[in-house]
There are 2 protein chains.
Amino acid sequence: MDKPATNIDTIAKTCIAGRLRLINRVVSSIYDDALRPFGLKISQGNILIFTGKLGIASPVQICEYLQLDASTLSRNVELMRKNGWLEEVPGEDARSRPFRLTEEGKRLIESAIPAWEKAQAEAKELLGDDFVSSLNKAAKRASESNRA
Amino acid sequence: MDKPATNIDTIAKTCIAGRLRLINRVVSSIYDDALRPFGLKISQGNILIFTGKLGIASPVQICEYLQLDASTLSRNVELMRKNGWLEEVPGEDARSRPFRLTEEGKRLIESAIPAWEKAQAEAKELLGDDFVSSLNKAAKRASESNRA
DNA sequence: CGACGATAGTTGTAGATACAAATAAAGCAG
DNA sequence: CTGCTTTATTTGTATCTACAACTATCGTCG
């Protein structure tokens with residue numbers, strides 16, 4: 001009710017961003033470790049997955065879904081294209097550079113699924129059911145937020 | 001009960017790491033925007049906060065609390081030292097390089113608190129109470145996990 | 001059709017992040 | 001005291017990330 005003076009200890013104990021970033025580091029490392037044998041990191045893995053879901057994906061679509069900066073996606077796509085996992089698809093609008101999974105990209109995903117399942121189980125175990133169940137709703141909200 | 005074949009759609013809909021990374025991007029940008037007038041980002045802010053909490057902090061302590069790689073911290077500390085927010089403190093063990101907040105660093109934190117409060121409120125509003133309440137427990141677990 | 005604003009991507013720059021390898025000092029076994 | 005192991009940190013390298021600025025194309029209004 002009252003508004004106590006915020007101090008360093010309060011921030012250390014309650015900062016949402018700090019906690020999220022910490023959890024993010026730990027969880028990403030779980031998935032990165034599991035996917036390392038495939039030369040894949042979860043950052044790129046999620047882009048591949050959404051590309052596969054869309055069939056033909058435009059950068060702007062992926063950026064909107066994942067709330068990624070366009071320049072970040074651009075560089076990630078370039079790397080995955082070099083790896084042979086994605087290929088460009090010519091489209092009508094010359095401004096856009098849509099892309100899709102290559103056959104090799106599809107095979108990569110298929111082969112990495114057991115590793116993903118293992119990481120997913122480990123993350124669930126670590127974070128607890130409460131947190132994981134509330135994650136969906138929060139992610140939906142965040143994905144739909146239009147911060148710039 | 002049964003174990004259905006995991007497919008791309010399942011992963012897209014359920015991947016914990018993907019959701020966390022998405023939320024992390026959105027939430028970090030809320031705090032970064034709020035802190036930008038101070039030349040501070042939330043990544044460095046959290047290190048400053050924990051340093052302040054400890055008084056004199058060693059890299060290894062901060063890394064353990066925040067589950068940060070030592071090399072990451074090393075570079076972040078170097079930047080903040082150049083900014084005049086942190087200073088080294090000589091210690092007994094010549095292997096360690098403990099540091100603490102400078103007066104300027106303390107003033108920076110004090111002045112940025114209202115901006116932090118604003119970002120914190122915005123993040124809470126965006127993510128919802130369920131998620132935020134489950135965050136503490138999850139972060140504690142993640143912080144104590146000894147991956148690595 | 002021509003100018004102009006909106007949309008889509010890329011490039012320059014910089015910080016955040018981690019892994020592997022290198023460096024340096026402490027501790028310990030003998 | 002000497003050599004080996006452990007601990008603490010830094011450096012090399014690469015990816016992830018975003019902001020600002022730039023380029024190219026599209027749409028539209030006249």
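Per chain, numbering begins at 1; letters A, B, ... match sequence-line order. The structure displayed is predicted, hence computed values, not measured ones.
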Asker: Under a 4.5 Å cut-off applied to non-hydrogen side-chain atoms, are B:Cys63 and B:Asp69 in contact?
Answerer: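 Answer no - side chains too far apart.
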Asker: Between D:dA20 atom P and B:Asp32 atom CG, what is the distance in whole Å?
Answerer: 12 Å
Asker: Under 4.5 Å between any side-chain heavy atoms of B:Phe131 and A:Leu20, yes or no?
Answerer: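 Side chain of B:Phe131 against side chain of A:Leu20, heavy atoms only: contact under 4.5 Å found.
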Asker: Quick check on D:dT17: is either OP1 or OP2 less than 4.0 Å from any side-chain nitrogen or oxygen of B:Arg21?
Answerer: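 So the side chain of B:Arg21 is within the cut-off, an N or O lying under 4.0 Å from OP1 or OP2 of D:dT17.
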Asker: Tell me yes or no: between the side chains of B:Thr6 and A:Glu117, is some donor less than 3.5 Å from an acceptor?
Answerer: yes
Asker: Please tell me whether B:Tyr31 and B:Gln120 have a donor and an acceptor in their side chains that are separated by less than 3.5 angstrom.
Answerer: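 Looking only at side-chain atoms, B:Gln120 and B:Tyr31 do form a donor-acceptor pair, the distance falling under 3.5 Å.
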Asker: Roughly, in whole Å, what's the span from CZ in B:Arg95 to C1' in D:dT5?
Answerer: 11 Å
Asker: Taking OP1 and OP2 of C:dA18, is either one under 4.0 Å from a side-chain nitrogen or oxygen of A:Arg36?
Answerer: no
Asker: Verify the contact: side-chain N or O of A:Ser43 to OP1 or OP2 of D:dT15, cut-off strictly under 4.0 Å; return yes or no.
Answerer: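 No, outside the criterion.
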Asker: By nearest atom, which of the nucleotides C:dA25, D:dT17, D:dT9 is closest to the B:Val60 side chain?
Answerer: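 Selected nucleotide: D:dT9.
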Asker: Assess the side chains of B:Thr10 and B:Asn7: does a donor N or O sit below 3.5 Å from an acceptor N or O?
Answerer: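 Looking only at side-chain atoms, B:Asn7 and B:Thr10 do form a donor-acceptor pair, the distance falling under 3.5 Å.
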Asker: Between A:Arg97 (CZ) and C:dT11 (P), how many Å, whole number?
Answerer: 8 Å
Asker: A:Gln67 CD to D:dC16 C1': how many Å, rounded?
Answerer: 16 Å
Asker: Looking at B:Ser58, I'd like to know whether one of its side-chain N or O atoms comes within less than 4.0 Å of OP1 or OP2 on D:dA8.
Answerer: no
Asker: May I have the distance from A:Phe99 (atom CZ) to C:dA8 (atom C1'), rounded to whole angstrom?
Answerer: 13 Å
Asker: Residues from residues 70-91 of chain A sitting under 4.0 Å of DNA chain C, heavy atoms only?
Answerer: A:Ala70, A:Ser71, A:Ser74, A:Arg75
Asker: Are any of the side-chain nitrogens in A:Glu110 or A:Lys106 under 4.0 Å away from the carboxylate oxygens of its partner?
Answerer: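 No, no charged N to carboxylate O under 4.0 Å.
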Asker: When you get a sec, tell me which of C:dC19, C:dG15, C:dT17 is the closest nucleotide to the side chain of A:Asp33?
Answerer: C:dC19
Asker: I would like to know whether B:Ile11 and A:Ile113 meet side chain to side chain contact (heavy atoms under 4.5 Å, CB included); could you show each step before the answer?
Answerer: CA-CA 9 Å; B:Ile11 298 179; A:Ile113 284 180; 4.0 Å; yes
Asker: Between D:dA8 atom C1' and B:Gln61 atom CD, what is the distance in whole Å?
Answerer: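 Nearest whole value for this atom pair: 12 Å.
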Asker: Applying a 4.0 Å non-hydrogen cut-off, can you work out what B:Asp93 is touching in the nucleic acid: base, sugar-phosphate, or nothing?
Answerer: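 Here B:Asp93 touches the backbone only, sparing every base.
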Asker: Let me spell it out: for each of A:Glu92 and A:Asp69, pick the nucleotide of DNA chain D with the closest heavy atom. Which residue's pick is nearer the 5' end?
Answerer: A:Asp69
Asker: Find the distance B:Leu35:CG to D:dA18:C1' and express it as a whole number of Å.
Answerer: 15 Å
Asker: With side chain to side chain contact (heavy atoms under 4.5 Å, CB included) as the criterion, how do B:Phe99 and B:Arg81 come out once you've worked through the C-alpha distance, each side chain's angles and the decisive distance to 0.1 Å?
Answerer: CA-CA 9 Å; B:Phe99 50 85; B:Arg81 207 189 48 67; over 6 Å; no
Asker: Using atom CG of B:Leu66 as one end and atom P of C:dA16 as the other, report the distance to the nearest whole Å.
Answerer: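 Distance check: B:Leu66 CG to C:dA16 P gives 13 Å.
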Asker: Within less than 4.0 Å of OP1 or OP2 of D:dC16, is there a side-chain N or O belonging to A:Gln44?
Answerer: yes
Asker: Is the backbone N or O of A:Ser143 less than 3.5 Å from a side-chain atom of A:Gln67, with the two atoms forming a donor-acceptor pair by type?
Answerer: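 Indeed, once roles are kept as given, a pair shorter than 3.5 Å links the two residues.
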Asker: Using a 4.0 Å heavy-atom cut-off across all strands, classify B:Ser28 as base, sugar-phosphate, or nothing.
Answerer: nothing
Asker: May I have the list of side-chain donor-acceptor pairs in residues 48-61 of chain A shorter than 3.5 Å, sequence neighbours left out?
Answerer:
residue: A:Thr51; atom: OG1; partner: A:Ile47; partner atom: O; Å: 2.7
residue: A:Ser58; atom: OG; partner: A:Gln61; partner atom: N; Å: 3.3
residue: A:Ser58; atom: OG; partner: A:Gln61; partner atom: OE1; Å: 3.4
residue: A:Gln61; atom: OE1; partner: A:Ser58; partner atom: N; Å: 3.0

Asker: Please round to 10 degrees the angle between the axis of the first five pairs and the axis of the last five pairs in the helix from C:dC1-D:dG30 to C:dG30-D:dC1.
Answerer: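 Roughly 10°, once rounded to the nearest ten degrees.
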